[in-house]
Asker: 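Have a look at this one.
The chain is numbered in sequence order, starting from 1.
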Amino acid sequence: LFVQDVIDTGRNLVVANKNEFVIDRSADLGIMISDATKLRQSVLNLLSNAGKFTKGGRITLHVSRHKRQAGDWIRISVEDTGIGISPENVQKLFQNFKQAEASTASRYGGTGLGLALSQSLCRLMGGTISVESVLGRGSRFTIDLPAYIEDSQAAARAPSMPHGEAFSHAV
Ligand SMILES: Nc1ncnc2c1ncn2[C@@H]1O[C@H](COP(=O)(O)OP(=O)(O)O)[C@@H](O)[C@H]1O
Ligand SMILES: [Mg+2]
């Protein structure tokens with residue numbers, strides 16, 4: 001299962017800072033046809049950030065399926081109880097090389113490329129990535145994707161899925 005694979009890999013990223021890892025997965029996830037490589041990379045980037053910016057807290061991976069008029073969508077969100085992000089900085093997060101605070105690189109390392117990459121990957125799959133955060137309280141990053149990549153405009157934008165393999169199996 002795709003989610004189980006992400007959980008197994010992501011667990012190490014999350015528990016490194018003594019964080020608890022909680023999985024909230026709805027029972028009706030069903031089948032997804034998407035690009036496994038891109039999706040995996042995007043979710044692991046979010047889990048890596050959550051693990052890095054949260055110490056002794058809780059990180060929750062939510063996965064659910066939603067019916068929309070144009071077809072089913074899958075929502076994957078990563079919620080943490082970490083340092084959070086101020087409203088001014090939330091807007092800039094998805095830019096290349098952008099870190100929320102000037103001091104982030106020296107305190108936490110990183111390049112500021114992870115979220116920009118995740119956003120590009122999600123767009124290629126016809127989806128979106130969004131964030132809600134409260135400074136000092138925590139953050140929640142949400143990926144919304146069509147469950148079947150051909151059902152969406154994504155097929156036009158990523159006709160041959162050049163950098164990854166399509167997968168079709170249980171989420
Ligand atoms: N879960 C999070 N909690 C707090 N801040 C975050 C979180 N995820 C990302 N950020 C902020 O967004 C910036 C950009 O994230 P990212 O593109 O992954 O870069 P990097 O991890 O290399 O710093 C981070 O530097 C950090 O300031
Ligand atoms: Mg990162």
Asker: Transitively linked via ILVMFWY side-chain contacts under 4.5 Å: Leu13 with Ile83?
Answerer: no
Asker: For the residue pair Ile129 and Leu46, establish whether any side-chain heavy-atom pair is separated by less than 4.5 Å.
Answerer: yes
Asker: Counting C-beta onward and ignoring hydrogens, is there a side-chain heavy-atom pair between Val63 and Val6 closer than 4.5 Å?
Answerer: no
Asker: Would Leu93 and Leu117 show up in the same hydrophobic cluster when neighbours are defined by side-chain heavy atoms closer than 4.5 Å?
Answerer: no
Asker: Do Ser64 and His62 get their side chains close enough for a donor-acceptor pair, meaning under 3.5 Å?
Answerer: no
Asker: Taking atom types as modelled, is there a side-chain donor on Ser118 or Asn45 under 3.5 Å from an acceptor on the other?
Answerer: yes
Asker: Nearest 0.5 angstrom please: Leu115 CG to Lys92 NZ, how far?
Answerer: 14.5 Å
Asker: Do the side chains of Phe141 and Val14 join up, straight or via other hydrophobic residues, at under 4.5 Å, putting them in one cluster?
Answerer: yes
Asker: How about Arg25 and Ile7: do any of their side-chain heavy atoms sit closer than 4.5 Å?
Answerer: yes
Asker: Can you tell me how far the CG atom of Asp24 sits from the CD atom of Glu79, to the nearest 0.5 Å?
Answerer: 9.0 Å
Asker: Is Arg65 salt-bridged to Asp28, going by a charged N under 4.0 Å from an acidic O?
Answerer: no
Asker: Could you give the distance from CD (Glu88) to CG (Leu135), rounded to the nearest 0.5 Å?
Answerer: 8.5 Å
Asker: Show the nearest heavy-atom pair for residues Gly109 and Gln99, with the distance to one decimal.
Answerer: O-NE2, 3.2 Å
Asker: Can you find a heavy atom in the side chain of Met125 that is under 4.5 Å from one in the side chain of Ile143?
Answerer: no
Asker: Using the rule given for side chain to side chain contact (heavy atoms under 4.5 Å, CB included), can you reason through Asn49 versus Val78, listing the C-alpha separation, both sets of side-chain angles and the distance that settles it, and then say yes or no?
Answerer: CA-CA 10 Å; Asn49 282 344; Val78 175; over 6 Å; no
Asker: For Ile85 versus Ser133, what's the shortest heavy-atom pair and its separation?
Answerer: N-OG, 2.9 Å
Asker: Give me the atom names and distance for the closest heavy-atom approach of Phe53 to Thr104.
Answerer: CE2-CG2, 3.8 Å
Asker: Run the side chain to side chain contact (heavy atoms under 4.5 Å, CB included) check on Thr54 and Ile59 step by step: do they pass?
Answerer: CA-CA 8 Å; Thr54 308; Ile59 291 156; 4.2 Å; yes
Asker: Keeping the roles fixed (side chain from Asn89, backbone from Ala100), state whether a donor-acceptor pair exists under 3.5 Å.
Answerer: yes
Asker: Are the side chain of Asn19 and the backbone of Gly57 linked by a donor-acceptor contact shorter than 3.5 Å?
Answerer: yes
Asker: Can you name the nearest heavy-atom pair linking Gly126 to Trp73, along with the distance?
Answerer: O-CH2, 3.6 Å
Asker: Can you tell me if Arg58 has over 12 outside heavy atoms packed within less than 6.0 Å of its CZ?
Answerer: no
Asker: Nearest 0.5 Å, please: how far is CD1 in Ile23 from CZ in Arg11?
Answerer: 6.0 Å
Asker: Say whether Phe94 and Leu44 are linked into one hydrophobic cluster, either directly or through other cluster members, by side-chain heavy-atom distances under 4.5 angstrom.
Answerer: yes
Asker: Are any side-chain N or O atoms of Asp144 and backbone N or O atoms of Thr128, one a donor and one an acceptor, separated by less than 3.5 Å?
Answerer: no
Asker: Nearest 0.5 Å, what's the CD-CD distance between Gln119 and Gln95?
Answerer: 9.5 Å
Asker: Does any non-hydrogen side-chain atom of Ile76 lie less than 4.5 Å from one of Leu39?
Answerer: yes
Asker: What distance separates Ser26 OG from His66 NE2, expressed to the nearest 0.5 Å?
Answerer: 7.0 Å
Asker: Nearest heavy-atom pair of Gly127 and Leu145: which atoms, and what distance?
Answerer: CA-CD2, 3.8 Å
Asker: For a quick test of reading the model, state the closest non-hydrogen atom pair linking Val171 to Ile74 and the distance between them.
Answerer: CG2-CD1, 4.3 Å
